[in-house]
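Below: the structure, in structure tokens.
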2 protein chains.
Amino acid sequence: MNPTRLEMLSLLDGLGTVRAVAAALHLSPSAVSAQLAVLETEAGAELLHRTGRRVTLTPAGHTLARHARIILDQLRTAKQELQSPTGEPAGHVRMAAFSSAIRALAIPLGKRLAETHPAITLTVAELDPMAAHQALRRGEYDIIVTADFIDGSTTLDPTLATFPLLADDVVLVVPSPAPDLSPVNLADLADAAWSIDMPGTYLSNLVTSTCRRAGFEPIITGRFSSYELLLTHVEAGLSISLLPSLAIDHRYHVSPRPLHTPLTRHVYAATRGTPTPPPATRTVLTTLQSLTTPIP
Amino acid sequence: MNPTRLEMLSLLDGLGTVRAVAAALHLSPSAVSAQLAVLETEAGAELLHRTGRRVTLTPAGHTLARHARIILDQLRTAKQELQSPTGEPAGHVRMAAFSSAIRALAIPLGKRLAETHPAITLTVAELDPMAAHQALRRGEYDIIVTADFIDGSTTLDPTLATFPLLADDVVLVVPSPAPDLSPVNLADLADAAWSIDMPGTYLSNLVTSTCRRAGFEPIITGRFSSYELLLTHVEAGLSISLLPSLAIDHRYHVSPRPLHTPLTRHVYAATRGTPTPPPATRTVLTTLQSLTTPIP
DNA sequence: ACTCCTTGTGCGGATTGTCTGCACAGCGTA
DNA sequence: TACGCTGTGCAGACAATCCGCACAAGGAGT
């Protein structure tokens with residue numbers, strides 16, 4: 001029941017293949033395979049279901065993986081507490097946020113933390129809201145910053161603790177200078193050229209479903225994985241798009257126009273609730289919340 | 001940060017010496033010493049204070065030991081959950097109870113569990129209430145059955161969860177047949193010969209402090225580590241004693257006489273609250289409570 | 001003051017555990 | 001059907017761990 005073995009199982013739950021686990025741990029696949037076999041005999045139960053050339057976790061495997069994440073969390077907490085003999089929070093905190101939240105929240109957060117808590121090292125990764133919850137649950141990050149729409153299409157995990165940060169209005173983005181900045185009716189834009197995010201992402205779904213609810217299928221003229229490229233496309237007058245206000249970098253010459261029927265997403269942070277997050281994580285969280293309170 | 005290493009630290013916190021830890025784990029002292037040294041470098045902090053030929057835990061050592069116990073508990077929980085694929089609670093539960101509670105509670109509990117939950121294996125150890133809390137906190141047992149007097153000389157640990165079982169009156173024990181069974185005034189027995197438990201134990205303190213409060217110093221004619229020997233001594237007419245009702249085995253020809261100023265102790269079970277005990281432990285606990293409800 | 005006992009900790013040497021590289025079997029796809 | 005990808009065994013190399021022993025240091029008893 002080595003922590004390394006438990007981490008292998010937890011990673012396997014998230015990554016799906018033995019080879020990916022091996023790559024993540026800088027090991028050979030055979031080493032991972034052997035360790036998982038040892039873990040199976042130690043547990044006295046079938047952890048992996050070998051179906052052909054693929055491997056899946058059995059219910060017992062999922063159970064142990066869940067416990068493993070708690071144990072690994074507790075281990076991280078212990079290490080952090082040893083790093084801070086004075087009681088001052090210290091150690092490593094892994095955060096994931098969606099693209100626009102990194103610019104608007106994570107970067108200021110990093111600056112603030114460097115001043116107030118130099119003993120805390122914060123790593124930030126970009127992660128789409130669609131994948132954030134699972135990654136958090138799998139222990140890949142300690143804090144995620146993600147967003148939900150008010151219609152509540154997401155399921156709330158009771159083992160996760162959530163902390164509201166801010167409300168973010170979705171607006172229409174048009175090239176500057178805009179003819180006028182009054183609220184716009186989406187149905188009037190059925191013939192416009194749209195540019196949106198890559199298929200399957202959070203914002204891609206948002207634009208298409210919103211347009212469909214307005215009664216038309218959007219004509220897609222651009223698909224970009226970065227908002228910067230998308231904004232450049234809009235700036236050039238080649239398309240328009242729907243974006244949350246947070247995603248609009250004011251370096252680009254685009255104009256936001258509010259929607260006639262407003263659409264608001266709620267940005268929030270989340271952590272695992274079990275066990276209680278270590279002091280450093282809690283400090284990052286409260287700093288993050290204190291950053292968003294001045295922002296309306 | 002091996003679980004073995006963490007257990008060594010946790011055991012060292014409880015046992016005090018490296019040799020005792022080595023004996024408990026069936027290892028040589030040098031092996032334990034080496035592993036603790038590795039743990040110290042892994043933790044990056046001074047865990048042990050080498051003062052002369054003795055070793056004590058530093059604050060950081062105590063911190064890590066506390067985390068270690070949580071981790072080891074979680075590991076035990078995981079193992080138990082893997083042993084019960086059907087959801088039926090299964091696995092090993094370690095219980096400690098004071099002498100008379102074993103006969104009155106633990107033995108019936110074992111019988112009941114063998115019928116209702118054969119997948120649960122229960123081990124019972126005798127432990128004086130004075131040492132029970134510490135042993136529970138150190139992770140040596142999963143459930144303790146202990147007792148407190150109503151005057152509340154014990155400190156309640158908030159990380160421990162307690163479950164009241166029954167109230168137990170302290171009575172005077174005299175040889176049978178007794179002249180009468182009416183309530184007795186302790187002050188009238190200042191010249192009697194007393195037999196009590198070994199020095200430093202819970203019941204030894206009880207008798208002496210109660211007699212002193214009644215205004216006299218008891219004349220000790222017998223000290224026994226087992227209640228059976230003490231009862232035999234009383235039975236033979238050589239002494240009298242104070243015992244909780246629960247401690248009186250009716251195989252011995254002794255008579256209980258209530259005290260004029262009643263003294264009641266409260267028997268209760270306790271578990272560690274963090275993390276939540278595994279299903280098997282919770283089952284044992286509820287079975288134990290269901291056993292005591294018919295007993296007034 | 002002296003000895004004796006106990007405690008913790010190093011040092012070889014044997015044992016065990018773990019990783020790599022390769023080879024092989026099974027399955028999906030072009 | 002042939003190729004690529006998956007996971008898994010096997011020998012060999014390497015590291016971790018443990019034992020037995022010896023040694024230093026502090027306490028208890030004479």
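The chains referred to below are lettered A, B, ... by the order of the sequence lines, with proteins before strands, and numbering in each begins at 1. Since this is a predicted model, take the numbers as computed values, not measurements.
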Can you name the one residue among T281(A), T121(A), D142(A) that meets side chain to side chain donor-acceptor pair (under 3.5 Å) with H92(A)?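 Running side chain to side chain donor-acceptor pair (under 3.5 Å) over T281(A), T121(A), D142(A) with H92(A) returns exactly one hit, T121(A).
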Could you check how far [atom1] of [X] sits from [atom2] of [N], rounded to whole Å?
X      : N       : atom1 : atom2 : result
N2(B)  : dT16(C) : CG    : P     : 18 Å
L48(A) : dT8(D)  : CG    : C1'   : 12 Å
E40(A) : dG9(D)  : CD    : P     : 10 Å
L27(A) : dA15(D) : CG    : P     : 15 Å
M8(A)  : dT18(C) : CE    : C1'   : 9 Å
L15(A) : dC5(D)  : CG    : P     : 18 Å
Q35(B) : dG17(C) : CD    : P     : 14 Å
E42(B) : dT17(D) : CD    : C1'   : 13 Å

Please figure out whether V38(B) or S30(B) has its closest DNA chain D nucleotide nearer the 5' end.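 Here V38(B) is the residue nearer the 5' end.
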Partner of H117(B) by side chain to side chain contact (heavy atoms under 4.5 Å, CB included), out of V93(B), T283(B), L122(B):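 Of V93(B), T283(B), L122(B), side chain to side chain contact (heavy atoms under 4.5 Å, CB included) with H117(B) is met by T283(B) alone.
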Taking only N and O in the side chain of R19(A), is any of them less than 4.0 Å away from OP1 or OP2 of dT6(D)?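 For R19(A), the contact criterion (side-chain N or O under 4.0 Å from OP1 or OP2 of dT6(D)) is met.
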Is R50(B) close enough to dG8(C) that one of its side-chain N or O atoms is under 4.0 Å from OP1 or OP2 there?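 False: R50(B) side-chain N/O out of range (4.0 Å or more) of dG8(C) OP1/OP2.
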Is it true that H233(A) and S239(A) share a donor-acceptor pair across their side chains at a distance under 3.5 Å?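 Yes.
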Without hydrogens or angle criteria, can the side chains of H67(B) and Q74(A) be said to hold a donor-acceptor pair below 3.5 Å?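 On atom types as modelled, these side chains qualify, holding a pair under 3.5 Å.
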Would you classify T51(B) as touching base, sugar-phosphate or nothing, given that sugar-phosphate means primed atoms plus P, OP1 and OP2, and contacts are heavy atoms under 4.0 Å?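 No contact.
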For A31(B), answer base if it contacts any base atom (sugar-phosphate contacts may also be present), sugar-phosphate if it contacts only those atoms, and nothing otherwise; contact means non-hydrogen atoms under 4.0 Å.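 Answer is sugar-phosphate: A31(B) comes under 4.0 Å of backbone atoms only.
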On DNA chain C, does the nearest nucleotide to R53(A) precede the nearest nucleotide to V32(A) from the 5' side, or the other way round? Give the residue.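 Result of the comparison: V32(A).
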Check: S204(B) side chain, I196(B) main-chain N or O, donor-acceptor pair, under 3.5 Å: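 Looks like no, no N/O pair under 3.5 Å.
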